[in-house]
Amino acid sequence: MKRLYYIVILLAGMTIGHIAKADEGMWMINLINEALEKNMQERGLELSANEIYNADAPGTSVSDAVVSMEFGCTGSIISDQGLLITNHHCAYGDIHALSTPEHNYLEEGFWAMNADEEINIKDKSVYFLKKVIDVTDEAKELMESYEAEGKFLGGRKLSYLMETRYGEQTGLEAWFASMWGGSKYYIALYEVYSDVRIVAAPPVSAAAFGGDVDNWEWPQHKCDFAMYRVYTAPDGSPAAYSPDNIPMKPAAKLKISLDGYQAGDFTMVIGYPGRTNRYSSSFEVAFDTDTKLPINNSIRGKQMEIIKKWMDADPEIRLKYADYFFSLSNVQELYSGQVACCKRFGVVEKKQAVEQELAAWIATSPERTKQWGDLLESLERNYEAIAPAERNASYYRETLIRGSRLSNIIRRAFNARNPDGTGKRMMKEYEAMDLRVEHDLMEYAIGTFIENIDPKYFTPWMKELMAKFTEDGACNTKALVDSLWSTSLFSTPEGIERMHRKEVSHEEITADPLGRFIMEVNITSFNNDKKAAENGVSTISLDKEFTHALYQMRLDKGEPQYPDANSTMRITYGTVGQLEPCDGMICDWKTTPAGILEKYNPSDYDFHLNDRQYLLYRSADWGRWGFGPDNSLVYVNFLTDNDITGGNSGSPVMNSKGELIGLAFDGNKESLTSDVWCEAGYNKCVCVDIRFILWTLDRYAGMTRIIEEIGL
């Protein structure tokens with residue numbers, strides 16, 4: 001697949017026994033209490049909590065080998081020389097940036113056969129967690145001191161003050177995190193390494209076999225991995241890139257297991273899940289599934305059709321747009337699935353049941369009634385009131401703001417108050433585009449904007465312009481866009497070059513007709529209408545109060561709970577097992593290379609193989625990486641019920657001893673309610689088997705130096 005965004009919620013009223021059954025939960029790594037430790041050990045864990053995370057004792061723990069890759073993906077250290085393994089789709093942007101028509105590493109794979117061929121990735125860093133500190137009392141005291149002085153201390157300033165304080169005290173990178181709507185606060189301290197070099201990545205025909213067709217599906221057959229190496233200064237300290245730097249000597253590494261696994265075996269995942277919204281109300285879920293997401297999904301789906309048409313027609317366009325399409329399609333499929341699954345499983349109704357429980361709990365206390373007595377009614381009123389403004393804002397964001405890549409250049413040029421705004425960065429972005437694709441995207445974006453936005457948001461200039469192209473009461477948007485395009489600086493290489501050479505004044509740029517249409521309307525117009533509809537009570541503040549109230553209710557009832565994901569390190573545990581996606585259907589928990597050959601279609605880009613792959617898969621010679629009679633078997637992907645989401649991509653999947661058996665890389669389409677709700681039995685984590693990764697490194701790529709380095 002691509003980037004992970006699949007998520008699971010802790011069900012209301014869940015007891016310890018329920019957790020042991022379903023394994024939901026992204027538990028904070030620093031809060032593994034005795035009950036959670038016992039649950040994991042009863043399921044099969046052979047480690048203690050202190051062996052997983054212990055920042056205050058000598059030695060290292062399993063979590064010391066797990067890193068955040070700029071809080072977008074997760075990786076793990078697997079050698080004494082700083083070798084890091086993660087998903088290919090986490091490295092996709094880096095591989096794409098290195099690729100050229102002459103050396104297309106996406107199609108060919110990237111293999112550094114010796115250390116000199118490892119390429120530094122500019123501006124890439126990895127974060128090693130050193131410690132997590134509960135700073136709730138300290139943060140609240142700071143807020144109270146500001147309040148006593150008649151000052152307001154907002155979230156951003158609070159974060160800045162706390163991070164500055166702990167950064168100066170420790171010399172480490174400090175990240176401040178609010179949990180449960182401000183009920184608790186934590187500081188995470190990181191050691192950051194910024195010399196990161198790519199080592200290995202298979203071709204997309206292996207790493208992304210099945211492409212968008214198999215995305216969020218099961219069965220899958222992807223060898224979704226890539227390798228980097230972390231370098232340090234000669235003394236071992238973090239340092240910017242230098243040819244004199246040396247491979248990192250890590251404090252900890254994960255041991256790789258070749259022993260395999262079976263259905264029912266314990267699995268553990270540690271990583272950095274990015275964002276969940278599991279404390280959301282029924283009103284927010286209904287608003288998203290009925291108003292906001294259908295607009296986004298429809299527009300992005302059409303954009304994908306436009307781009308794919310050009311990608312299929314021209315290999316150079318495919319290379320230029322691969323990364324952009326990669327991100328666009330993943331999010332579109334995620335949110336389309338979320339809408340469908342929320343309706344399939346009745347998530348709004350199930351959220352309403354939780355709210356009935358919350359209302360009853362609030363009503364039993366005069367203090368709670370005073371604080372939250374009208375909370376649910378206020379939420380319902382606000383979400384109904386803001387729907388018209390948000391509908392218009394969604395169309396605006398999805399068309400004029402992000403409807404084409406060219407619009408990014410236009411916005412940067414319009415907002416620049418000095419020549420740098422139209423300099424090298426603009427040229428780099430322009431060279432990564434094809435103007436034929438951008439014209440079609442722009443035509444669709446402007447047409448969709450005109451057809452769906454309330455006319456009250458059109459400015460006088462826009463109305464006058466549209467009137468020129470109106471026939472029989474309808475605006476001919478194709479003719480309008482062609483006119484704007486034919487007179488724009490942004491639509492020709494010559495115009496872009498003139499801006500780059502600073503031969504065009506800022507006044508000329510802001511008078512450009514195409515640019516002006518994109519920039520004429522501002523998001524402020526929609527935000528002001530939304531604010532007016534809220535009538536003095538912001539929806540964001542009500543959402544925060546709902547989270548706080550739900551947290552307090554579960555705390556009061558003694559129910560175990562974990563905060564929404566927010567890019568802090570979490571642990572989740574589960575088991576290997578099959579999937580039952582719908583009535584009467586059972587799917588096995590593993591796939592093999594035989595499935596690759598079954599799906600193979602040389603005329604379909606998503607299911608093609610190069611000649612070497614095809615012959616090696618046909619030979620079925622798995623050597624030492626196989627198992628069973630004569631080592632004739634190998635698994636490609638397998639399923640667990642670990643609870644993960646975006647940011648967990650590349651997370652190590654470990655056995656009961658904390659040994660690496662695979663990497664998490666995707667979820668199943670039946671789990672796509674999991675941003676806001678977990679439907680028991682449907683959430684699965686799709687993983688790539690470490691043995692298939694090693695076979696690819698060894699037999700396909702011939703990277704024996706890496707096999708030797710990791711001790712195999």
Side-chain angles (χ1 to χ4, degrees), residues 1-8 87-90 92 202 204-225 297 300-301 304-305 308 325-345 574 576-601 604-609 617 635-646 648-651 653 662-675 678-679 681-689 692:
M1 105 119 197
K2 318 181 176 163
R3 298 170 178 86
L4 287 170
Y5 292 92
Y6 43 102
I7 312 164
V8 184
N87 283 156
H88 183 278
H89 71 257
C90 295
Y92 195 98
V204 290
S205 53
F209 183 78
D212 293 314
V213 179
D214 278 0
N215 191 22
W216 303 111
E217 297 287 345
W218 182 259
Q220 292 203 52
H221 300 84
K222 292 178 170 64
C223 191
D224 194 348
F225 84 97
N297 295 336
R300 294 182 189 195
M304 287 168 57
E305 289 180 18
K308 191 174 188 303
F325 186 86
F326 184 83
S327 299
L328 181 67
S329 63
N330 189 62
V331 176
Q332 195 272 345
E333 290 182 53
L334 165 69
Y335 289 137
S336 294
Q338 181 175 324
V339 171
C341 286
C342 279
K343 293 184 182 297
R344 174 186 175 185
F345 298 123
V576 176
Q578 66 187 22
L579 168 67
E580 298 183 31
C582 58
D583 183 48
M585 181 181 291
I586 299 176
C587 298
D588 201 358
W589 51 267
K590 79 275 189 185
T591 61
T592 71
I596 299 177
L597 295 173
E598 289 172 355
K599 293 179 177 180
Y600 168 62
N601 182 350
D604 186 335
Y605 180 82
D606 287 333
F607 294 96
H608 81 285
L609 299 169
Y617 294 155
Y635 296 153
V636 178
N637 297 155
F638 63 99
L639 291 176
T640 75
D641 57 6
N642 290 85
D643 178 5
I644 59 177
T645 187
N648 272 120
S649 289
S651 290
V653 181
L663 304 178
F665 75 89
D666 201 2
N668 57 306
K669 65 182 180 182
E670 294 79 17
S671 72
L672 293 179
T673 60
S674 56
D675 178 38
C678 172
E679 189 65 21
Y682 288 93
N683 184 72
K684 292 292 179 178
C685 169
V686 184
C687 317
V688 54
D689 191 303
F692 191 61

Exercise. So which heavy atom on Tyr682 is nearest to which on Glu580, and how close?
Worked result: CE2-O, 3.7 Å
For this session: Assess the pair Tyr605 and His608: is the distance between their ring centroids shorter than 6.0 Å?
Result: yes
Problem set entry | Ser649 vs His89 side-chain heavy atoms within contact, under 4.5 Å | yes
Exercise. For Asp583, which residues count as a side-chain contact (heavy atoms from CB on, under 4.5 Å) partner, sequence neighbours excluded?
Worked result: none
Problem set entry | Non-hydrogen side-chain atoms of Asn215 and Asn330 separated by less than 4.5 Å | yes
Exercise. Mind checking what makes ring pair (Phe, Tyr, Trp, His ring centres under 6.0 Å) contact with Phe209, not counting sequence neighbours?
Worked result: Phe607
Exercise. Can you name the closest pair of heavy atoms from Asn297 and Gln332 and give their distance?
Worked result: O-NE2, 3.2 Å
Problem set entry | Donor-acceptor under 3.5 Å (Lys684 side chain, Gln578 main chain) | yes
For this session: To the nearest 0.5 Å, tell me how far Phe665 CZ sits from Gln220 CD.
Result: 4.5 Å
Problem set entry | Pair listing, salt bridge (Lys or Arg N to Asp or Glu O under 4.0 Å) test, anchored in residues 585-595, at least two apart | Asp588-Lys590
Exercise. Stepwise, does the side-chain contact (heavy atoms from CB on, under 4.5 Å) test hold for Leu639 with Val686?
Worked result: CA-CA 5 Å; Leu639 291 176; Val686 184; 3.8 Å; yes
For this session: For residues Asp606 and Gly211, report the shortest heavy-atom separation together with the two atoms involved.
Result: OD1-CA, 3.7 Å
Problem set entry | Sub-4.5 Å side-chain heavy-atom contact between Leu334 and Leu672 | yes
Problem set entry | Partners passing side-chain contact (heavy atoms from CB on, under 4.5 Å) against Pro581 (at least two apart in sequence or in another chain) | Leu579, Met585, Cys587, Glu670
Exercise. So do the side chains of Lys599 and Asp214 get within less than 4.5 Å of each other, counting heavy atoms only?
Worked result: yes
Problem set entry | Any Pro593 side-chain heavy atom under 4.5 Å of Phe692 side chain | yes
Problem set entry | Under the side-chain contact (heavy atoms from CB on, under 4.5 Å) test, residues paired with Glu598 that sit two or more places apart | none
Exercise. Residues in side-chain hydrogen bond (donor to acceptor under 3.5 Å, both in side chains) with Glu217, at least two apart?
Worked result: none
Exercise. Looking at residues at least two apart in the chain, or sitting in another chain, which of them share a side-chain contact (heavy atoms from CB on, under 4.5 Å) with Thr591?
Worked result: Trp218, Pro219, His221, Val636, Asn637
For this session: Would you indicate whether the side-chain heavy atoms of Trp589 and Tyr635 approach each other to under 4.5 Å?
Result: yes
